[in-house]
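To start, the structure under review is shown below, and the notes come after it.
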Amino acid sequence: MVDKGHPDPSGSAAGPAAVPLFGFQPPVGTPYGLEVSTVEDFFAHHDDWPWNPPRPGRATFHYLIAVTEGELRHDVDHVTRTVTPGQWLWVRPGHAQCWHPPGAARGPFILFEPDVLRPDLARLLAPLTAHGAPAVLSPHPDDTAWLQQTALQLLDEHRALGRRPLDIHHALRRSLLESLLLRLANSPGIAPTGTAVAGAGRADRYRHFLDALELHFRELHQAADYAELLGCSVRTISRAAQDAAGKGVRELIDERRLLEARRLLGSAGWDARAVAVHLGFTDPANFGRFFRDRTGLTPAAFVARAAGTDA
C-alpha cells in the first residue's frame with residue numbers, strides 16, 4: 001500500500017521537526033496507482049502504522065475516506081478534523097497528517113496517486129483536488145447514498161482482482177473512481193467544475209507547480225528549483241503562476257512556507273527553532289526576520305497572541 005521507508009526529501013534527521021514523506025507502493029499484481037480498503041481493515045492490518053503511537057507524516061498521494069458509521073478524528077495540517085457519517089475526509093498530497101485510532105468509525109478508504117486521473121479529468125477536478133480545498137466534505141444529502149454506494153462498488157471491484165481480464169478490471173476501477181470524484185466535486189465549498197480554462201497548458205503547468213510546491217516547500221525555495229524539477233524554464237513557470245494566481249513563483253513559495261509556519265507555531269505548538277529547521281532556514285534568526293516581515297509579529301508574539309485567542 002504505502003512505502004513507509006520513503007526518505008524525507010529534506011534529508012534531515014528524524015527529530016521533533018521532522019515530518020516524514022511516504023510514497024505509494026501499489027499492491028502486488030496491481031500496478032495501477034489506486035488501492036481501496038476500509039477504515040477498519042486498514043487499521044487491523046497495519047499495527048505498525050503511524051498511529052502507534054500517533055505521529056505526523058506526509059504522503060505523495062490522496063487519502064479519501066467516506067465515513068458511514070461512527071466518528072473519525074484525523075489531523076490535517078496540524079488541525080484535528082472530526083468526520084461524521086455522510087461526510088468525507090480528503091487528505092491531499094503533501095498535507096501534514098496524523099492518524100487517531102478509529103474507534104467505531106467505518107467506511108470505504110480510497111488511496112490514489114495524482115496521475116491516476118486523466119489530464120482532461122484532472123482539469124475538471126482541479127477545484128476538488130486543490131491543496132486549499134476543504135479537508136472535510138459534506139455532500140448534499142441527495143448525493144450521500146449514491147456516493148457511498150459508488151465507493152462500495154469501487155471497493156468490490158478492487159477486491160475482484162482475477163475475476164476478469166486485468167485491463168477490464170483497471171478500466172472499471174478508474175471509471176468508478178472518476179464518477180465518484182465528479183459527483184464529490186459538487187459538494188458545498190468546491191468551485192463549480194466544467195468551467196472553460198483559458199490557456200489550459202499554462203493551467204496544467206501551474207497545477208503541477210502547486211503539486212511540487214506542496215511536496216518540496218521545505219527544501220526548495222527558488223523558482224529555478226521548481227523549473228528544473230518540472231523540466232521547463234523559469235520564465236515558463238513564472239508566466240504560468242502569474243496567469244493563474246497573479247503572483248510570482250517566489251511569492252507563492254514564501255506564502256506556503258509562511259502558512260506552514262503559522263500552523264506549526266499556532267495549533268501544533270512547535271517552538272520557533274523547530275519550525276525554522278523544518279522549513280529549511282539555516283539560522284533561526286533568519287526565520288524570525290522572514291516571519292516578522294510578513295506578519296508584523298515575531299514568532300514569540302504570534303504564539304502569545306494565538307494562545308490568548310484560544311484561551
Side-chain angles (χ1 to χ4, degrees), residues 2-24 50 54-63 75-79 91-99 113-114 129-133 135 206-231 234 237-238 241 245 247-295 298-299 302-303:
V2 181
D3 177 8
K4 292 175 285 186
H6 195 294
D8 188 285
S10 69
S12 59
V19 179
L21 181 67
F22 302 113
F24 188 87
R55 58 189 183 277
R58 295 182 298 146
T60 62
F61 49 91
H62 294 274
Y63 281 77
D75 293 355
V76 183
D77 280 339
H78 313 288
V79 176
V91 183
R92 295 162 179 88
H95 284 175
Q97 62 171 323
C98 187
W99 289 89
E113 294 185 287
T129 58
H131 302 295
Y206 178 69
R207 178 172 57 84
H208 292 318
F209 162 68
L210 289 183
D211 289 342
L213 176 62
E214 197 65 24
L215 292 176
H216 299 291
F217 66 87
R218 290 178 53 199
E219 72 276 6
L220 300 182
H221 308 138
Q222 304 296 328
D225 296 330
Y226 291 92
E228 180 179 358
L229 193 64
L230 299 175
V234 171
I237 195 174
S238 297
K247 299 176 181 179
V249 173
R250 181 57 186 268
E251 183 179 1
L252 292 168
I253 296 170
D254 286 350
E255 286 182 355
R256 183 63 186 89
R257 297 175 85 195
L258 180 63
L259 174 62
E260 191 76 359
R262 294 166 70 101
R263 287 169 171 165
L264 295 176
L265 290 169
S267 58
W270 290 24
D271 62 44
R273 182 175 294 275
V275 175
V277 173
H278 179 72
L279 294 179
F281 288 89
T282 57
D283 183 351
N286 291 338
F287 167 67
R289 286 190 291 271
F290 169 89
F291 193 87
R292 185 180 64 248
D293 290 347
R294 289 159 180 80
T295 65
T298 65
F302 176 83
V303 170

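On a predicted model such as this, the values are computed, not experimentally measured, just so you know.
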Looking at [X] and [Y], what are the two nearest heavy atoms and their distance?
X	Y	answer
Leu265	Val275	CD2-CG2, 3.9 Å
Leu220	Tyr226	O-OH, 2.9 Å
Leu252	Ala241	CD1-CB, 3.8 Å
His95	Val91	CB-CG1, 4.1 Å
Ile237	Val249	O-CG2, 3.8 Å
Thr60	Gly23	OG1-CA, 3.6 Å

> Looking at Glu260, Arg58, Arg256, which one forms a side-chain contact (heavy atoms from CB on, under 4.5 Å) with Arg218?
Replying inline: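 Testing Arg218 for a side-chain contact (heavy atoms from CB on, under 4.5 Å) against Glu260, Arg58, Arg256 leaves exactly one candidate, Arg58.
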
From [X] [atom1] over to [Y] [atom2], what is the distance, rounded to the nearest 0.5 angstrom?
X	Y	atom1	atom2	answer
Leu264	His278	CG	NE2	5.0 Å
Arg289	Asp283	CZ	CG	6.5 Å
Leu230	Asp225	CG	CG	11.0 Å
His221	Asp254	NE2	CG	9.0 Å
Phe209	Leu229	CZ	CG	10.5 Å
Arg294	Arg262	CZ	CZ	12.5 Å

> Checking Arg257 against Phe287: charged group under 6.0 Å from the ring centre and within 45 degrees of the axis?
Replying inline: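 Here Arg257 fails the 6.0 Å and 45° test against Phe287.
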
> In terms of the angle between their ring planes, are Phe291 and Phe302 parallel, tilted or perpendicular, with boundaries placed at 30° and 60°?
Replying inline: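 Phe291 and Phe302: perpendicular rings.
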
>> Could you check whether atom CD of Glu251 has more than 12 heavy atoms from other residues, nucleotides or ligands sitting under 6.0 Å from it?
In response: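 More than 12 heavy atoms, drawn from other residues, nucleotides or ligands, come within 6.0 Å of this atom.
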
>> Looking at Asp75 and Gln97, would you say the former's side chain and the latter's main chain have a donor-acceptor pair under 3.5 Å?
In response: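 Here the side-chain-to-backbone pair does not exist.
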
> Are the side chain of Arg273 and the backbone of Pro284 linked by a donor-acceptor contact shorter than 3.5 Å?
Replying inline: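 Not at all, since once roles are kept as given, no pair shorter than 3.5 Å links the two residues.
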
